[in-house]
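Worksheet: the structure to be examined is printed underneath.
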Amino acid sequence: MAFAAGVCAQPLTISTAWFKAGDSKEWSNPQIDDSAWKTLDVSRTWDSQGIPSSTKFGWYRMHFTPTKAMLEQSDLKEVIEFDLGTIDDVDEVYLNGKLIGKTGNMPGDTGAYAAMFYVPRKYTVPVNDKNIKWDADNVLAVRCYSDNAPGGMFGGNVKINVPSRIDGCTLSFSETDSTNKPSYSVSLNNTYKSPVSGTLKLEITDAETGKVISNIEKKISARDGKPAIITLPYDRSKCLRIKAQFTEAKSGKTISGNYTPKYILTPEAPAAPRFNTAPVYGVRPGSPIHFRFGVSGDRPMKITSPDLPAGLEINPENGALSGSLAKEGDYTFTVVATNDKGEASQQFTIKVGNRIALTPPMGWNSWNCWGLSVSQDKVMASAQALIDKGLADYGYAYINVDDAWEAPARNADGTIAVNEKFPDMKALGDWLHERGLKFGIYSSPGDYTCGGYLGSLDHEKQDAETYNSWGVDYLKYDWCGYVHKHVNEADKKTVASYVRPYLLMEGYLREQPRDIFYSLCQYGMEDVWKWGDFVDANSWRTTGDITDTWESMYDIGFVQQADLYPYAHPGGWNDPDMLIVGKVGWSNNLRDSRLTPDEQYTHISLWSLLAANMLIGCDLAQLDDFTINLLCNNEVNAVNQDILGKQAKRDVEDGDIQIWSRPLSDGSRAIGIFNVGTEDKTVNLKDYMGTLGLKNLKSIRDLWRQKDLPTDDTSYLVLPHGVKFIKVTE
Ligand code: GLA
């Protein structure tokens, strides 16, 4: 039979199920004969097991025997729990023919269709429910709907359990964003009705010195909907480690968890002006320039130039540079910023030629926060926050609208139309340009985008012209729907058939009288990094979509970029996808990034080393101090924006230690020492000097703390999933 069942061991684990594609309410009936159905692994999507990707509906059936012994083992005896992992996209679950749970909304249901492929599926039934057959065969039937591939159950074996009190308990941690009095909270949550009580012990350590700061012990109790919460103030400049352990009074069973509250490494910017952006900018002859000098410091500030080339203008209030230069060549001039605290100046060169994007693009994209719920108002709120919260002073300039701005049908003349969420694209473009920001948009070479909106297929020329008329500066061109039109089987085997749609659009973009950053998004197919230059792309996505977990960021950042360093250069960058810091959610429901603070330091350090596109994916209107500290460290960003444009190489892979380094234009080297494991590591740089090709150490700079480090003591504690990010001169 296609199921595995322990006799009394908890939980019961089911790794395979009977499966049938299609849909019939009858299939929830425990009596029907499913023995001729297919056998599928429940931990992998159906597409990976030979079920056609076009399958919309499918049913899984699992037979299992819950035993009285399981019931007896539980000190709670409240519910039987079904943990189904995750399901792509919507499911309904029946126990012996009776509906016990549902996540998402299928077509045909009341209300709008809602996919929920990322939500863990855990359903419970009271143990006294007459529908459960103890010590006999029961049938769990799962009806799944998948809108597009992949589909079905995934994310682990199915587990069936009669939980004990402690199983309903979790420890969770959170913190307030308040700048003046930061605090964090430890909560004991209990998902079951019966209350639990016991003792919570907290050990608080300074993670950088290893010193225990305090020990706390408290009696607490929690019931469903009423967690026990302990709130403690802390110093944000310290990296703390909180070890929490709860011991349940009746059973003596324990649960524990570790937590590091957000900590801030970036020193506060000086009140006097400071230039934070790369000193070069590439533009094609005659193209309009939209650029903003990134200068931090108190406002009001005046930004001017004594020797500005003819044809250019600076708005002294916001540092927005505009105008155009018709002739090829390098135009170098001085920019001066003054406020009541002082003055700073920078030599700046505009390189008029055939190359744009001389450093990786910095800015914002709507996808990782708003997903398909993006609107013009939301875009403008983030753009305004980019200015108000000072991010524009650090070079963040692109404001990119991702999918879901398109209307369901084109205009009568075939031009693309906007939907009601975007009342006026031209006005949006003008509004951004007045502020020295840049305007980005999204489309697909296919008939439809990934989100099911209209793509550019057969309208490429018209769309490029429309983008020009709106003042678009960046196009993300996303393969997705092109898969339906991807010529024929023989052609699909050629690289040329992957290049073709990108080359086509490139031709039309280049006909426009403005520079449009060309961002390829086709997830790295056919080694796009080898031919991105050929289609004159400015960046190319090298992987599938990122999400806000360590696993995703690790796979995309550490595993998949390791061999790509030879392909990045000024004008053409590897793009490992957008940043997953701050409040993200791919919908109207935003949450704090699930990356720990150390994982976020790793993320930004690695993306800087990789010369990656720095497109912030969170709602900037809800930016907290911690995220600002991550995004606005001028020394860290300077590595990303270094004008040599060399992507880091992984020089060392030694167990959980990875060292990535890149040469910088001033002759120094940026080095990231990463600990990808889950235990503290002490790493001595001197042990790797040979492998890194370093002969001697003249200076070492801690880039996050912006502080010089001694050259005679190069031993560093690197926290789990954390980084020591340094710049070294020889
Ligand atoms: C794909 C891309 C994402 C995003 C969505 C929009 O998944 O990889 O970055 O643009 O499409 O639908």
Side-chain angles (χ1 to χ4, degrees), residues 45 47 53 88-89 113-115 117-118 146-151 361 363-375 378-379 382 398-408 416 418-419 421-422 440-457 463 472 474-484 486 498 501-502 505 517-526 528-529 532 537-549 552-553 555-557 560 573-581 584-588 607 612-619:
T45 58
D47 314 67
S53 295
D88 225 323
D89 298 303
Y113 170 69
F117 52 88
Y118 45 83
S146 166
D147 192 46
N148 47 27
W364 176 86
N365 172 294
S366 59
W367 182 248
N368 291 354
C369 46
W370 301 119
L372 299 176
S373 78
V374 63
S375 67
K378 286 173 175 160
V379 172
S382 270
Y398 284 99
I399 295 291
N400 294 353
V401 179
D402 208 279
D403 204 355
W405 58 268
E406 313 88 335
I416 189 81
V418 290
N419 60 37
K421 296 184 296 162
F422 286 86
I441 211 154
Y442 166 97
S443 188
S444 169
D447 46 359
Y448 290 98
T449 65
C450 292
Y453 289 75
L454 281 187
S456 293
L457 188 75
D463 285 359
V472 164
Y474 188 114
L475 172 67
K476 173 174 172 182
Y477 208 40
D478 187 1
W479 176 270
C480 240
Y482 193 76
V483 80
H484 309 136
H486 191 196
Y498 290 83
Y502 286 100
M505 185 50 119
F517 183 108
Y518 193 24
S519 153
L520 270 47
C521 177
Q522 47 81 287
Y523 339 116
M525 289 187 297
E526 298 300 319
V528 62
W529 42 88
N538 300 111
S539 71
W540 38 85
R541 270 274 296 278
T542 53
T543 69
D545 289 15
I546 199 165
T547 191
D548 58 326
T549 61
S552 170
M553 197 259 287
D555 182 48
I556 285 181
Q560 299 197 53
W573 308 103
N574 290 308
D575 172 10
D577 209 358
M578 299 165 293
L579 302 177
I580 38 162
V581 300
V584 293
W586 294 266
S587 68
N588 264 331
W607 262 236
N613 298 19
M614 291 294 259
L615 292 177
I616 307 166
C618 63
D619 178 18

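Just so you know, ligand 1 is whichever comes first in the structure, and atom 1 is the first atom listed for that ligand.
SG atoms of Cys618 and Cys369 are separated by 2.5 angstrom or more, inconsistent with a disulfide link.
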Per-pair distances, ligand 1 N/O vs protein N/O, less than 3.5 Å:
unit_1	atom_1	unit_2	atom_2	d
ligand 1	7 (O)	Asp545	OD1	3.4
ligand 1	7 (O)	Asp545	OD2	2.6
ligand 1	8 (O)	Arg541	NH1	3.3
ligand 1	8 (O)	Arg541	NH2	3.1
ligand 1	8 (O)	Asp545	OD1	2.5
ligand 1	8 (O)	Asp545	OD2	3.4
ligand 1	9 (O)	Lys476	NZ	2.8
ligand 1	9 (O)	Arg541	NH1	3.2
ligand 1	10 (O)	Asp402	OD1	2.6
ligand 1	10 (O)	Asp402	OD2	3.3
ligand 1	10 (O)	Lys476	NZ	3.0
ligand 1	11 (O)	Asp478	OD2	2.9
ligand 1	12 (O)	Asp403	OD2	2.8
ligand 1	12 (O)	Gly451	N	3.3

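Considering every non-hydrogen atom in both Phe517 and Pro361, the closest pair reads CZ-CG, 3.5 Å.
Distance CG/Asp575 to CH2/Trp529: 12.0 Å, rounded to 0.5 Å.
Salt bridge status for Lys476 with Asp402: present, with a side-chain N to carboxylate O gap under 4.0 Å.
In this structure, Ser146 contributes its side chain and Pro150 its backbone to a donor-acceptor pair below 3.5 Å.
Side-chain contact between Leu372 and Asp403 is present, with at least one heavy-atom pair separated by less than 4.5 Å.
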